[in-house]
Asks: 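For reference, the structure I am asking about is given below.
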There are 2 protein chains.
Amino acid sequence: MSEPDPSRRNNLSLLTSLVHHHGVLSRAQLTRHTGLNRSTVGTLIGQLVSLGVVYETAPAGEGQVGRPSPEVHPSPSVAALAVNPEIDAVTIGLVSLGGKVQKKIRFETERIPSAREAVNIASAVIAGMRSELDASYRITGIGMAVPGLVNRDDGVVRHAPHLGWRNEPVARMLSEATGYPCLAANDASLGAEAELIFGAGAGQGNLIYLNGGASGIGGGIISDGQLLRGASGYAGELGHTFVRTGGKTCHCGATGCLETEVSQSRLLELAGLTRGDTADLENALANSSSAEVNDEVARQLLYLGIALRNAVNIFNPEAIVLDGFLGTLHALAPTSLNGTLLSQAMDGPAGQVKIYRAALGSDLMMIGAAELAFAQFLADPAGIGTTTAILPAPTSQTG
Amino acid sequence: MSEPDPSRRNNLSLLTSLVHHHGVLSRAQLTRHTGLNRSTVGTLIGQLVSLGVVYETAPAGEGQVGRPSPEVHPSPSVAALAVNPEIDAVTIGLVSLGGKVQKKIRFETERIPSAREAVNIASAVIAGMRSELDASYRITGIGMAVPGLVNRDDGVVRHAPHLGWRNEPVARMLSEATGYPCLAANDASLGAEAELIFGAGAGQGNLIYLNGGASGIGGGIISDGQLLRGASGYAGELGHTFVRTGGKTCHCGATGCLETEVSQSRLLELAGLTRGDTADLENALANSSSAEVNDEVARQLLYLGIALRNAVNIFNPEAIVLDGFLGTLHALAPTSLNGTLLSQAMDGPAGQVKIYRAALGSDLMMIGAAELAFAQFLADPAGIGTTTAILPAPTSQTG
DNA sequence: ATAATATGTTTGTGTATAGAACAATTCATT
DNA sequence: AATGAATTGTTCTATACACAAACATATTAT
């Protein structure tokens, strides 16, 4: 068997990615999207079906003239594992092609897990799922979403301040512990990617994703449909945008960072809450008539606005997606940020920006991390090098 | 003639781009760079030669074992026109494949040119060159570098504050006046591209270019080898990064912009100069022992540092290229910016950044603008739809 | 002078895509 | 209910393209 042409690999990749992103597409739609000949699409889909990457179902009569086109679905048996260590838990997920979270296990920890502990927890949970995985899934790998600076090339966590990790080669550790290929990246970057593909930013080519959590503000930037990686994959740290002269010193060493001026803990405190549930916080803040609370909300929106106008001037995005308590802040006063952008950002870019609240909720990190492990697979669904066992098409066969 | 395969177009594009960027490459080098078979490269180069895109010369005996490989050069007869309107002049250039500026005509204006005037000047100069162009060149089109917000999709200048232009469809105007297809973009973005391909940032995939001129600070960002465009091509406005709480109001509507805190005019004033020659300014500043001058230089470097640390955190670039008086500032105290970045930017990204001074000088805008017009050509050097149908056939045949 | 090395050149082969002809399936019309 | 129009799947064929192998050529090393 000689090596297939690159064009075949390209086209298989294109089709697989389309099905993965859109969920379901008819063969006719795929023909139009790709611009390929319908006979070619037929051949390619045939190959993907025999590879177990997609499966076809009888066409759903849509009331269209002409012969109905069969629907092409991503095979749920192709899946990736996702791991997300946080300060109080390690979450492990199983995500199938098409972005469906099949399984999510949150393992709560007594204290902040070390890198070794996080890897041990993840590999233990995966070991437990192993027989099921081997029987019913084709696992493309493990993706890890880490709250910190992660070198995407080698999977080393350079610095995760809130976890207290420094120079931890987590990807290699987890790969050695499980036998699966493993990749790691910044959590917010992966969140951006997930929201781009499956969430609030679906269909946009340029978006800024900002997530506010207990441990700070993370960001991810999509430009021209591509996640901004930078030289080593560190790009996207919008939480450390300068927003105030004379601000407090941030743990990053600088002063006046967005992350130090806009923080969830101050809001929780004022709202009289101790735990960081976003819904509770939003309730408490919305029902509060305290001037102190309102002032703080306004103050934080002001600084968030400065960071966003910077970002808008620099990136000219179509959309800004706010997650976590940043979504809460925006929901409390939806006109504030829009107003800041219109008055302070430059004419051209400001006019087009839409601000959304994140759509994917708690599945976000799983989907984003899995995307990391899907990437190689999507680039070469036929698996030139890896002759992995081919699984039969799933049983959901319609007559 | 049936339509060639996309793979052929791809490979021709790849080879042409390599030759364009590197200037001269032997066929053997092209074989290695592309990974194609040497027989394939032979065929492709043959086609490009017969198309007049490249030409070959006898190998220069390099002292290597083996049969010498002929050198492949970009044909100087393939060229693009470049136009750069400024507040005191309109510059028109002729740039050939390989980035060589064949001709540069600076047309000084009594006052700031309107869009119509700039177009008239450019088309008059081009009309004068017309017979030479028709006789000796194959013109791929016109690229226009405008100091302001330019919508890259339709070539409309949204707002060029220093020229006083608003919503001027310059690309269409110039295209109608000359009959050549025309594209327009922000000048600094094009500068970034030029420096990436031919200048100080050559070979880098992630760089930030910042230019300081009489009319402010412009920026361009290259990420993963690609210029950041944003939704409408407005991306890159680093001159309007927030660097100071309580700063003066910028013409953009916001306060505390980099451009208002760091400006050439203040430096010229302190140095006792009236004209904005970069070399003179550098001389004057370097030889000054006035505390006032030193303080101002330090102050401006401080704010520039804040903007750069933001940019470094967000983009994780390999290099920062400073042009115009920003290059001067950096040259006066080379350790200042590096120090700021090391102490204030985040560990991971900060460690790798190198700060360079721009290399291309006054040819920069010509090369960058021409690149705009080369882009379509490079994507399809064989010219499938030979009539570069960016516009409906212009009917300005009256001549 | 001969060998070794690297590269251009020619020819044949396999792969992948497009296109044409035909079959299948639905909606619209009479 | 029957026929026609529209759309898409299916099969077969032709063609373009890249690669590999064999051979030719030009340079350095011995």
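Computed from a predicted model, the values in this text were never measured in an experiment. Lettering of chains follows the sequences in order, A, B, ..., and the numbering in each one begins at 1. Below, each value reflects all heavy atoms present in this structure, side chains not excepted, and no hydrogens, waters or symmetry copies.
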Asks: Any residue in residues 13-24 of chain B with a heavy atom nearer than 4.0 angstrom to DNA chain D? Just list them by number, or reply none.
Replies: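 Here the set is empty: none.
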Asks: Between B:Leu36 and B:Leu44, is there a side-chain heavy-atom distance shorter than 4.5 Å?
Replies: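 In short, these two side chains touch, coming nearer than 4.5 Å.
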Asks: Please name all residues satisfying salt bridge (charged side-chain N to carboxylate O under 4.0 Å, His left out) with A:Glu193, sequence neighbours left out, ordered by chain then number.
Replies: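 With neighbours one apart ignored, the set is A:Arg152.
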Asks: Which atom pairs, donor and acceptor, lie under 3.5 Å between side-chain atoms of residues 46-55 of chain B and protein residues at least two apart or in another chain?
Replies:
from	atom 1	to	atom 2	distance (Å)
B:Gln47	OE1	B:Arg8	NH1	2.4
B:Ser50	OG	B:Gln47	O	2.9

Asks: Do any side-chain nitrogens or oxygens of A:Asn11 fall under 4.0 Å of OP1 or OP2 in C:dT17?
Replies: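 Checking C:dT17 against A:Asn11, a side-chain N or O does come within under 4.0 Å of OP1 or OP2.
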Asks: Listed in order of residue number, which residues of residues 25-52 of chain B have a non-hydrogen atom at under 4.0 Å from DNA chain C?
Replies: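 Those residues whose heavy atoms fall under 4.0 Å from DNA chain C, taken from residues 25-52 of chain B in numerical order, are B:Arg27, B:Ala28, B:Arg32, B:Arg38, B:Ser39.
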Asks: Could you tell me if the side chain of A:Leu196 sits less than 4.5 Å from the side chain of A:Val321, heavy atoms only?
Replies: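 Side-chain contact under 4.5 Å: no.
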Asks: Separation of B:Glu56 atom CD from C:dG8 atom P, in whole Å?
Replies: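 In whole Å, C:dG8 P lies 9 Å from B:Glu56 CD.
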Asks: For D:dA6, take OP1 and OP2 only and decide whether either is under 4.0 Å from a side-chain N or O of A:Arg67.
Replies: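 Answer is no, no contact under 4.0 Å.
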Asks: Is it true that a side-chain atom of B:Glu318 and a backbone atom of B:Asn206 form a donor plus acceptor pair closer than 3.5 Å?
Replies: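 Yes: the side chain of B:Glu318 pairs with the backbone of B:Asn206.
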Asks: Report the distance from atom CD of A:Gln64 to atom P of D:dG9, rounded to the nearest whole Å.
Replies: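 After rounding, the gap between these two atoms is 12 Å.
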Asks: Please identify each residue that fulfils salt bridge (charged side-chain N to carboxylate O under 4.0 Å, His left out) with A:Asp153, with sequence neighbours left out.
Replies: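 If we apply the salt bridge (charged side-chain N to carboxylate O under 4.0 Å, His left out) test to A:Asp153, skipping adjacent residues, the hits are A:Arg229.
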Asks: Answer yes or no: is there a side-chain heavy-atom contact under 4.5 Å between B:Asn11 and B:Thr34?
Replies: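 Answer no - side chains too far apart.
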Asks: Would you mind reading off the distance between B:Asp5 atom CG and D:dA14 atom P, rounded to a whole angstrom?
Replies: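 These atoms are roughly 17 Å apart.
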Asks: With sequence neighbours excluded, tell me which residues meet side chain to side chain donor-acceptor pair (under 3.5 Å) with B:Ser39.
Replies: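 Expected list: B:Asn37.
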Asks: For A:Arg8 and D:dA18, give me the distance from atom CZ to atom C1', rounded to whole Å.
Replies: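 Distance check: A:Arg8 CZ to D:dA18 C1' gives 15 Å.
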